[in-house]
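Counting convention: from 1, in listed order, for ligands and their atoms alike.
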Amino acid sequence: MKILVLNSGSSSLKFILFKMSGEQVLISGTIDRIGISQSMVSFQECNKQPEFILGNIPDHGAALDTLFQVLTVGPISALPDIPAIAHRVAHGGKFRESVVITPEVLDQIRSMNRFFPLHHPAMILEIQECMEKMPHAVHVAVFDNSFHRDIPDEAAIYGLPYRYFSEKGYKRTGYHGNSHAFSADESAKFLNTPLEKLKIVTCHLGNGASTCAIKYGKSIDTSLGISAIEGLIMGTRSGDVDPGLIPIIMDEEGLSPDQLTDMLSRSSGLLGISGLSRDMREVEAAAADGHKRATLALNAFCYKVKRSIGSMLMALGGCDVLVFTGGIGINSAIVREKSLEGANALGFRLDPVKNRNLIPLTMTNPVQEISSENSPIRILVIRANEELMIARECYRITQDVLGAWA
Ligand code: ADP
């Protein structure tokens, strides 16, 4: 059985086609700059060279048409060869488990648009277009917050009047769940220890970033809240800000709620502090050249990660494993080093040589250890494979419907 995983951003569409027996990747790629000039399709079929196509792709519908051409020239002969499509979605409202998409599910996803202005509109557009173009397939929504569904109320509730929790459901629901779950599974495999015996702190550090406390396979706390802004400093998102400051800034600058959300989501974080870039590579390079604001952005990013690891450690009552994942987590030795500065006494003993000399991680070899031999807590770097987790979820819930394909 083949499953196509789609992950859409506001101007991009990432795709991977899996053959589920053996979890083999048949083709993977990205369509970038959708709706902007000079769109680019980059993809690679199994055992072949990467390919690139430049063109004009005005919207997500055109992006899907391009993707279907690439698929039918490549690993499949016709679209009905794909019986199931998994769509990555940030938040499913009342739906906390992966689910076959119906009009009710779409309504629930739409109801969360205000919380995910950067993510949801593009995801919904892509789902609607794809359901029209692939009516024979089962379409499944896999939510980024499902993994956090067991977080206890005391960790999830905000200190607001109770009705916001009980009537409106405003509580911490988290994000990056597929990445945290993948890291937990891979840690257990790497350590040859059942997941049910491990306490794990995971740090997903990419453009978006969050930490997670995983107790015996379940998320019990995470740094992200109900929107994608709370917690750590991110590429363009602020992370925690004193809520008392928000109305003052709105008043002083005459900002509407949408303008305020835009400022917190698009022009804060590494970009806002450094004034240079949201890209950690550029921030690191500028900091190394002595750029003061870039140095502050780098240090603040790492400090918040360190503080958040401390919170997760207490939530778990100690841990066995710490994981770094995400584009920054796997690529930035300096971020890993700074995030663990002064944490030796707590049991995090980083081996500086291993940390600086990682062999590039691959899909087939996604884990490396960077802790010293006597470290009470094992420290791992894991290449995230959220798409595989999404495909597994889709496979799991379509078994009843599509048993004959399996
Ligand atoms: P997304 O959250 O969009 O999936 P990624 O997980 O791909 O993002 O992470 C993107 C981040 O990873 C960017 O900040 C980028 O600068 C950072 N990154 C990628 N390579 C490196 C590197 N060699 N050193 C430091 N940061 C890196």
Side-chain angles (χ1 to χ4, degrees), residues 5-16 28-34 42 88-90 116 118-119 122-123 142 144-145 174-183 202-212 222-224 228-229 231-239 265-274 276-289 291 294-295 297-302 304-305 323-339 355-363 366 368 370 381-390:
V5 176
L6 295 179
N7 179 0
S8 14
S10 52
S11 61
S12 70
L13 177 65
K14 291 185 191 164
F15 57 90
I16 299 197
S28 63
T30 308
I31 304 179
D32 273 319
R33 300 181 63 84
I34 299 169
S42 48
R88 178 189 176 205
V89 177
F116 298 92
L118 296 186
H119 304 86
M123 287 168 175
V142 179
D144 253 354
N145 64 341
Y175 198 50
H176 303 129
N178 296 302
S179 170
H180 291 299
F182 182 79
S183 287
T202 48
C203 306
H204 174 99
L205 309 178
N207 282 317
S210 63
T211 55
C212 183
T222 187
S223 59
L224 268 167
I229 299 180
L232 304 177
I233 288 174
M234 303 178 225
T236 57
R237 288 175 249 163
S238 63
S265 313
R266 293 180 202 261
S267 44
S268 298
L270 290 177
L271 174 64
I273 299 175
S274 72
L276 281 180
S277 173
R278 69 174 198 170
D279 190 307
M280 184 54 97
R281 283 166 289 204
E282 290 175 26
V283 172
E284 273 184 28
D289 280 348
H291 190 287
T295 306
L298 173 65
N299 289 343
F301 180 94
C302 297
K304 297 286 165 96
V305 174
V323 177
F324 289 98
T325 188
I328 298 172
I330 65 169
N331 287 304
S332 177
I334 191 162
V335 167
R336 295 191 297 262
E337 205 170 281
K338 279 177 175 288
S339 303
N355 184 44
R356 291 267 163 186
N357 298 292
L358 277 192
I359 301 159
L361 300 165
T362 62
M363 278 197 191
Q368 269 182 62
I370 54 170
V381 181
I382 299 184
R383 185 186 194 278
N385 193 344
E386 291 162 276
E387 287 80 8
L388 177 58
M389 294 304 281
I390 294 171

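- Between Glu387 and Lys14, no side-chain nitrogen of the basic residue sits less than 4.0 Å from a carboxylate oxygen of the acidic one, so the salt-bridge criterion is not met.
- Scanning all protein heavy atoms for the shortest distance to atom 27 (C) of ligand 1 gives Arg281 CG, 3.6 Å.
- Of all heavy-atom pairs between Asn355 and Leu358, the closest is O-CG, 4.3 Å.
- Not close to ligand 1: Gly235, with no non-hydrogen atom less than 4.0 angstrom away.
- Here's the thing with Ile328: one of its N/O atoms is less than 3.5 angstrom from an N/O atom of ligand 1.
- Atom CG of residue Leu270 and atom OG1 of residue Thr236 lie 9.0 Å apart, to the nearest 0.5 angstrom.
- Residue, atom and distance of the protein heavy atom nearest to atom 4 (O) of ligand 1 are Lys14 NZ, 4.0 Å.
- Checking only distances, Gly206 never comes within under 3.5 Å of ligand 1, N or O to N or O.
- The two residues Met234 and Ala228 have their closest heavy-atom pair at CE-O, 3.7 Å.
- When the options Asp279, Thr325, Asn207 are ranked by their closest heavy atom to atom 8 (O) of ligand 1, first place goes to Asn207.
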(Q) Run His180 and Thr202 through side chain to side chain donor-acceptor pair (under 3.5 Å) and show every step you take. (A) CA-CA 6 Å; His180 291 299; Thr202 48; 2.8 Å; yes
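- Remark: Arg88 is positioned above the aromatic ring of Tyr175, its terminal NZ or CZ atom under 6.0 angstrom from the ring centre and at most 45 degrees off the axis.
- Checking side-chain atoms of His291 against main-chain N and O of Ala294 turns up a donor-acceptor pair under 3.5 Å.
- The atoms of ligand 1 that sit less than 4.0 Å from any heavy atom of Glu284 are 25 (C).
- The shortest N/O to N/O separation between Asn331 and ligand 1 falls below 3.5 Å.
- For atom 14 (O) of ligand 1, the closest heavy atom belonging to the protein is Met280 N, 3.1 Å.
- Between the side chain of Ser223 and the backbone N or O of Thr211 there is at least one donor-acceptor pair closer than 3.5 Å.
- For ligand 1, the atoms sitting less than 4.0 Å from at least one non-hydrogen atom of Gly208 are 2 (O), numbered in the order shown with element in parentheses.
- Checking only distances, Gly327 does come within under 3.5 Å of ligand 1, N or O to N or O.
- Backbone and side-chain nitrogen or oxygen atoms of His204 are examined, and none is located within less than 3.5 angstrom of a nitrogen or oxygen of ligand 1.
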